[in-house]
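Reviewing the structure listed below.
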Amino acid sequence: MERANGIQIAHTCHALASRGHEVHLAVRGGPGTDAEALAFYGLAPLAGLRLHRLPALDTQWSDRLWNRSFDVGAILLGIRLALFGGVRTIFLRDLGLARAFLALR
């Protein structure tokens, strides 16, 4: 993502991982490696930072449907990490996703 929020997300996740936290970042699927994605923002790969490429419906007629399909994948990833991966904290920048996670508690 070339917008400011993409830069903020990448740098926040990188900073948390550089301080010893295990960070899982859900991103929309695409080509390239994690190292290439981080290099786009001028960041080096870190052992504690893992990118999860989630599928999203590629549709030209509805950006909203495309975004919601990504949201479903992010929710499922969060549930899997919380239940089976020992993840205790989930940081979200999307209020709709945050509401969905809170509804699952």
Side-chain angles (χ1 to χ4, degrees):
M1 197 182 318
E2 297 175 352
R3 298 182 307 219
N5 62 339
I7 295 167
Q8 292 167 345
I9 292 166
H11 281 267
T12 298
C13 290
H14 195 270
L16 289 168
S18 71
R19 286 165 178 76
H21 299 282
E22 180 181 338
V23 178
H24 297 265
L25 176 60
V27 298
R28 287 180 172 80
T33 65
D34 291 0
E36 291 169 337
L38 292 170
F40 179 80
Y41 298 107
L43 301 170
L46 292 172
L49 177 55
R50 178 157 179 236
L51 276 60
H52 297 271
R53 285 179 171 74
L54 301 179
L57 296 175
D58 186 13
T59 175
Q60 306 224 338
W61 57 270
S62 175
D63 285 342
R64 176 172 237 154
L65 179 60
W66 192 75
N67 287 331
R68 290 311 96 170
S69 68
F70 175 79
D71 292 350
V72 169
I75 289 169
L76 294 175
L77 173 65
I79 291 169
R80 183 175 59 90
L81 291 172
L83 292 178
F84 306 110
V87 172
R88 295 179 305 172
T89 304
I90 297 176
F91 174 73
L92 300 163
R93 291 180 48 103
D94 181 286
L95 292 178
L97 276 177
R99 275 193 300 274
F101 271 96
L102 287 173
L104 295 172
R105 315 189 288 131

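Because the structure is a prediction, the values reported are computed rather than measured.
- Of all heavy-atom pairs spanning A35 and P45, the tightest one is CB-CG, 3.7 Å.
- Between atom CG of residue L25 and atom NE2 of residue H52 there is a gap of 8.5 Å, rounded to the nearest 0.5 Å.
- Each side chain to side chain donor-acceptor pair (under 3.5 Å) pair with one or both residues in residues 11-21, not counting sequence neighbours, would appear here, but there are none.
- Annotation for A10 and L43: closest pair O-CD1, 3.6 Å, computed over non-hydrogen atoms.
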For a side-chain contact (heavy atoms from CB on, under 4.5 Å) check, start with the C-alpha distance between V23 and L46, then their side-chain angles and the critical distance, and finish with the verdict. CA-CA 10 Å; V23 178; L46 292 172; over 6 Å; no
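- When all heavy atoms are compared, the tightest approach of R53 to G32 is NH2-O, 3.2 Å.
- Closest of all the heavy-atom pairs between A44 and L38 is O-CD1, 4.0 Å.
- Listed by chain and residue number, R93 satisfy the side chain to side chain donor-acceptor pair (under 3.5 Å) test with Q8 (two or more places apart in sequence, or in another chain).
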